[in-house]
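Below is one structure, written out as structure tokens; the observations come after it.
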Amino acid sequence: MIAWLRSVVHLLWMAVSVIPYAIALLSASLFLRGLPLYRIAVGWLRVAMLGLWHICGVRWRVTGMENLPLGTTAPAILLVKHQSTLETFLMPLLMPHPLAYVFKRELLFIPFFGWAMSRLDMIHIDRNQRAQAFNKVVAQGKHLLAQGIWIIMFPEGTRIPRGQVGNYKSGGTRLAVDTGAPVIPIAVSSARCWPRKSMVKRPGVVDVSIGPPIASQGRQPDELMREVQGWIEAEMRRLDPDAYK
């Protein structure tokens, strides 16, 4: 009951706080582009995540930061285990580069949140037009990577229940092979505290493990994705062994 009440408070916290940040971002977008708008968006994510920490008692522990590429223009494609909304909010707070998410265009219609996302350097796709969608990902991905913006994708495509393995799609590794950018696999045990399709967040520690970069040059996308999946799923079993008994 206490976790439910705290979760309601956190939901209200996010709903109320997103409005002024979205208005600020939309207003600023009349005059600015790029990094200044991204910083406003990250400001709201920080507010939301601090609320999760202090209201719901959800904390996070990060390992492997030393595996991230160095340099202001060093490219990277982050492929992340997807169990919860938590990792979508947390990753921009952890990474030393701006991130561009690849996401379904329907999210743009969410009041305030989606409207603000439409003004950022992100890649929104129409899933009903798969061939055109991937061409758009490659074209925009190359442009963003050249600016030092990292691409983040969830290869399972949707949030997966704790202890289960989704269908790893090769779109992220196809982009990596096409651009020559290394892949960074990331395992996240977020469903331990914030399960998919659940409003209730339970106190605890979410582990984020950043793997060593995997070179993409000269690789085949499917074979590269099998290596990514192998690392992520083995790491998930190490981070959250109780879920895989």
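When reading the values below, keep in mind they use all heavy atoms of this one structure, side chains included, and skip hydrogens, waters and symmetry mates.
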Suppose we screen for side chain to side chain contact (heavy atoms under 4.5 Å, CB included). Which residues come up paired with [X], at least two apart in sequence or across chains?
X      : value
Ala116 : Ala22, Leu25
Pro69  : Ala74, Ala76, Trp150, Ile184
Thr179 : Ile77, Lys142, Leu145, Leu175, Ala181
Ala15  : none

- Query: At what distance, to the nearest 0.5 angstrom, does CE of Met65 lie from CG of Leu94?
  - Reply: 6.0 Å
- Message: Nearest 0.5 angstrom please: Leu5 CG to Ile55 CD1, how far?
- Response: 12.5 Å
- Those residues at least two apart in sequence (or on a different chain) that pass side-chain hydrogen bond (donor to acceptor under 3.5 Å, both in side chains) with Thr173 are none
Just jot down the salt bridge (Lys or Arg N to Asp or Glu O under 4.0 Å) partners of [X], sequence neighbours excluded, or say none.
X      : result
Arg162 : Asp240
Arg226 : none
Glu233 : Lys81, Arg237

- Message: Applying side chain to side chain donor-acceptor pair (under 3.5 Å) as the test, list every pair that has at least one member in residues 51-63; sequence neighbours left out.
- Response: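 Passing the test, one end in residues 51-63: Arg61-Asp207.
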- Message: Filter on side chain to side chain donor-acceptor pair (under 3.5 Å), then keep only pairs touching residues 38-52, sequence neighbours left out; what's left?
- Response: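 Non-adjacent pairs meeting side chain to side chain donor-acceptor pair (under 3.5 Å): Ser17-Trp44.
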Minimum-distance pair of heavy atoms, taken over all atoms of [X] and [Y]:
X      : Y      : answer
Ile214 : Pro185 : CD1-CG, 4.1 Å
Met225 : Ser170 : CE-CA, 4.0 Å
Ser29  : Arg119 : OG-NE, 3.2 Å
Arg238 : Ser209 : NH2-OG, 4.2 Å

- CG/Leu30: more than 12 non-hydrogen atoms of other groups inside 6.0 Å: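 More than 12 within 6.0 Å, yes.
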Do [X] and [Y] land in one hydrophobic cluster if side-chain heavy atoms of ILVMFWY residues count as linked below 4.5 Å?
X      : Y      : answer
Val200 : Leu12  : yes
Ile232 : Leu239 : no
Leu50  : Val47  : no
Leu45  : Ile19  : yes
Leu86  : Ile160 : no

- Just grab all the salt bridge (Lys or Arg N to Asp or Glu O under 4.0 Å) pairs involving residues 64-75, residues at least two apart or on different chains.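 For residues 64-75, and leaving out neighbouring residues, there are no salt bridge (Lys or Arg N to Asp or Glu O under 4.0 Å) pairs at all.
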- Task: Only pairs at least two apart or in different chains count here, so list each ring pair (Phe, Tyr, Trp, His ring centres under 6.0 Å) that has a residue in residues 193-245.
- Result: none
- Check whether any side-chain heavy atom of Glu87 sits under 4.5 Å from a side-chain heavy atom of Ile186, and report yes or no. no
